[in-house]
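Working notes, structure below.
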Amino acid sequence: MGKYLYIAEKPSVAQEFAKALKCNFKKKDGYMEAEDAVVTWCVGHLVTMSYPEVYDPALKRWTLETLPFLPQEFKYEVIPSVSKQFNIVKGLLNRADVERIYVCTDSGREGEYIYRLVDQMAGVPATKDKRRVWIDSQTEEEILRGIKNAKPIADYDHLSDAAYLRAMEDYLMGINFSRVLTLKYGYTVSNFLKAEKRAAISVGRVMTCVLGMVVRREREIRVFVKTPFFRVMVGLMVQGHSFEGEFRAVEGSKYFKSPKLYKENGFKEKKDAKELISTLLGQEVSYQEITENGKNSSRAIFDAVAKGLTALLTAIEKKKENKFAPLLFNLAELQNECSRLFKISPDETLKIVQDLYEKKLVTYPRTDARVLSTAVSKEIHKNIGGIGHLSQFSLFTTEILQGDAYKNIAKTRYVNDKQITDHYAIIPTGQGLSALSSLPVLSKRVYVLIAKRFLSIFYPPAVYQKVSLTVKIDTESFFANFKVLVEEGYLKVANAGKPAQPTY
């Protein structure tokens, strides 16, 4: 019987596979070997696409005459800095005693591409038994499941094709557009920058589009014309809650459709806002100007209760509102939330969550799904129970496991197989908790964020009482909208550890 070869994307992942296999591995140079198994690894990309000068030395010089560069067949080469590891992997892939290859690179398009390039450059026979291991976390249980259920690598040919096509698109766009724009505008840019040499203009499929979005937004900001306007508010008290009512010039108002208005709730001139206040109070008033939310919008505030004015309640509307826990995190949503809460870049968020994944703390991060699969939902109690070993979550996990919500989660909007392509949402595995203590503070915060979002889906919705009021002082109407938290629901988890939240 021949040996099984397991090839991972990184040395750290290879170590996890070796642990899960529980073989008596001996460390070698660039791999580990046991009686029936060999585990090796890439170090990220081992192979890359060749530059144009490899096709023709004359193409090293940038000229318009040689563009566009569109090769009939793309060339690839081993990256010099990792050639040693490539040769080790190549030798193992082609060893006569290796009868089956398990591809254990990251379960996604990029991981597929990394292995396929190695396979291509190593010249591995197509007749060799190659199977794809597809996992959602690096826990021992998930690794063994992935090996057991590994499918022939041919089942992932479409994913491989997509990876090759994206790489070719990036390559052709970058090579051709970078060269043509540099040749045409490089000196213009260098003159503007007062540089001695012609500036190189880099173009990329993603970065150029993002740059365009940034430039368009910056232009909008620069041409924006500020329009100050003046609002009139009244302080009100209802059932012990103080809030503000906003003046609007509705029908019946002295200012209805008046040219003095900027909008129905604001005046163009400060003096007109003061005039309304003076009319209602029957006396001249001082005015305090307030800049609100950076909008350069000022408010004239007076307190009807303190001044003893009669405010007639003319309308009140109450309505219950259920607010459900948000969907789970995919990578983009997690990056947005970390940017908002922790002021970190998307790249930094990805680096942190990738590290959490490699430490078995969370599931695969490069996902666009925000829901769970039906299969995972059936075993979700294991994830919940595992998190319960952390003191800050033990109360919540106990409540969840004592109830029925987790048993019926498959019937909710948080589980939908049709919304999953490669991987389900990012959730805690409930394992690897011993690694938490050694993590940087920011990594712990990101983990807690993921855990709280996950536990929230097993709680009922938060219930609010929404109230809309209309009060009248003389002929003028003031409108107020507020809401009161009636039932905490999932906010019990989501707001845990935060300062007390206002209820209206």
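Numbering starts at 1 and runs along the sequence shown.
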Roughly how far apart are [X] [atom1] and [Y] [atom2], rounded to 0.5 Å?
| X | Y | atom1 | atom2 | answer |
| --- | --- | --- | --- | --- |
| I387 | L455 | CD1 | CG | 4.5 Å |
| I352 | R445 | CD1 | CZ | 10.5 Å |
| L390 | L433 | CG | CG | 4.5 Å |
| T397 | Q392 | OG1 | CD | 11.0 Å |
| T367 | N330 | OG1 | CG | 6.5 Å |
| S137 | I427 | OG | CD1 | 8.5 Å |

Tell me the closest heavy-atom pair linking [X] and [Y], and the distance in Å.
| X | Y | result |
| --- | --- | --- |
| D422 | W134 | O-NE1, 3.1 Å |
| A122 | L93 | CB-CD1, 4.2 Å |
| N481 | S468 | OD1-OG, 2.7 Å |
| A199 | T182 | O-CG2, 3.4 Å |
| V353 | P365 | CG1-CB, 3.5 Å |
| R179 | P52 | NH2-CG, 3.7 Å |

Count the heavy atoms belonging to other residues, nucleotides or ligands that lie under 6.0 Å from [atom1] of [X], then report whether that count exceeds 12.
| X | atom1 | value |
| --- | --- | --- |
| Y76 | OH | yes |
| E141 | CD | no |
| R370 | CZ | yes |
| E35 | CD | no |
| F69 | CZ | yes |
| D97 | CG | yes |

Step by step, would you call E112 with R109 a salt bridge (charged side-chain N to carboxylate O under 4.0 Å, His left out)?
-> CA-CA 5 Å; E112 191 71 19; R109 183 171 53 188; over 6 Å; no
Can you find a pair of side-chain heavy atoms, one from [X] and one from [Y], that are under 4.5 Å apart?
| X | Y | answer |
| --- | --- | --- |
| V78 | K90 | no |
| L172 | P71 | yes |
| D129 | E99 | no |
| P460 | E487 | no |
| V38 | K28 | no |
| K483 | Q465 | no |
| R413 | F324 | yes |
| I153 | D119 | no |

Is the distance between the ring centroids of F17 and Y102 under 6.0 Å?
->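 Centroid separation for F17 and Y102: 6.0 Å or greater.
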Check: V493 main-chain N/O paired with S456 side-chain donor or acceptor under 3.5 Å =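 No; judged by distance alone, with no hydrogens or angles, the pair does not exist.
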Could you walk me through whether D29 and I88 pass side-chain contact (heavy atoms from CB on, under 4.5 Å), step by step?
-> CA-CA 8 Å; D29 187 9; I88 290 169; 4.3 Å; yes
Considering residues at least two apart in sequence or located in another chain, which fulfil the side chain to side chain donor-acceptor pair (under 3.5 Å) criterion with [X]?
| X | value |
| --- | --- |
| K3 | E33 |
| Y156 | none |
| Y414 | none |

Test side chain to side chain contact (heavy atoms under 4.5 Å, CB included) applied to [X] - qualifying residues, sequence neighbours left out:
| X | value |
| --- | --- |
| D368 | T421 |
| S339 | none |
| L165 | none |

Dump the intermediate steps for side-chain contact (heavy atoms from CB on, under 4.5 Å) on K359 and Y447, then the final yes or no.
-> CA-CA 12 Å; K359 287 182 168 56; Y447 177 80; over 6 Å; no
Would you please name every residue forming a ring pair (Phe, Tyr, Trp, His ring centres under 6.0 Å) with F454, sequence neighbours left out?
-> F458
Any residue meeting ring pair (Phe, Tyr, Trp, His ring centres under 6.0 Å) with Y459, in chain and number order, not counting sequence neighbours | none
With D417, which residues qualify under salt bridge (Lys or Arg N to Asp or Glu O under 4.0 Å), at least two apart?
-> none
Atom pairs and distances, donor-acceptor, side-chain atoms in residues 41-50, under 3.5 Å, two or more places apart:
from, atom 1, to, atom 2, distance (Å)
H45, NE2, E110, OE2, 2.7
S50, OG, E77, OE1, 2.8

Take V463 and N322, measure what side-chain contact (heavy atoms from CB on, under 4.5 Å) needs, and give me the verdict at the end.
-> CA-CA 5 Å; V463 181; N322 289 341; 3.4 Å; yes
Check the pair L491, L485 against side-chain contact (heavy atoms from CB on, under 4.5 Å), reporting the backbone distance first and the verdict last.
-> CA-CA 10 Å; L491 293 176; L485 182 61; 4.1 Å; yes
Scan residues 362-400 for pairs that pass ring pair (Phe, Tyr, Trp, His ring centres under 6.0 Å), counting only residues two or more places apart or in two chains.
->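 As it turns out, the ring pair (Phe, Tyr, Trp, His ring centres under 6.0 Å) pairs with a partner in residues 362-400, which skip direct neighbours, are Y357-Y364, Y364-H423.
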Is there any ring pair (Phe, Tyr, Trp, His ring centres under 6.0 Å) pair reaching into residues 327-352, and which pairs are they, with sequence neighbours excluded?
-> none
Under a 4.0 Å N-O cut-off, is there an ion pair linking [X] with [Y]?
| X | Y | answer |
| --- | --- | --- |
| E337 | R340 | yes |
| R222 | E218 | yes |
| D157 | R116 | yes |
| K19 | E16 | yes |

Verify whether one side chain among E142 and Q138 offers a donor that lies under 3.5 Å from an acceptor in the other.
->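 Absent: no donor and acceptor within the cut-off.
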Does the cation-pi check pass for K323 over Y464, that is, NZ or CZ under 6.0 Å from the six-membered ring centre and within 45° of its axis?
->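 The answer is no, since K323 fails at least one limit relative to Y464.
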Step by step, would you call Y164 with F74 a ring-ring contact (aromatic ring centres under 6.0 Å, His included)?
-> CA-CA 10 Å; Y164 271 94; F74 288 87; 9.5 Å; no
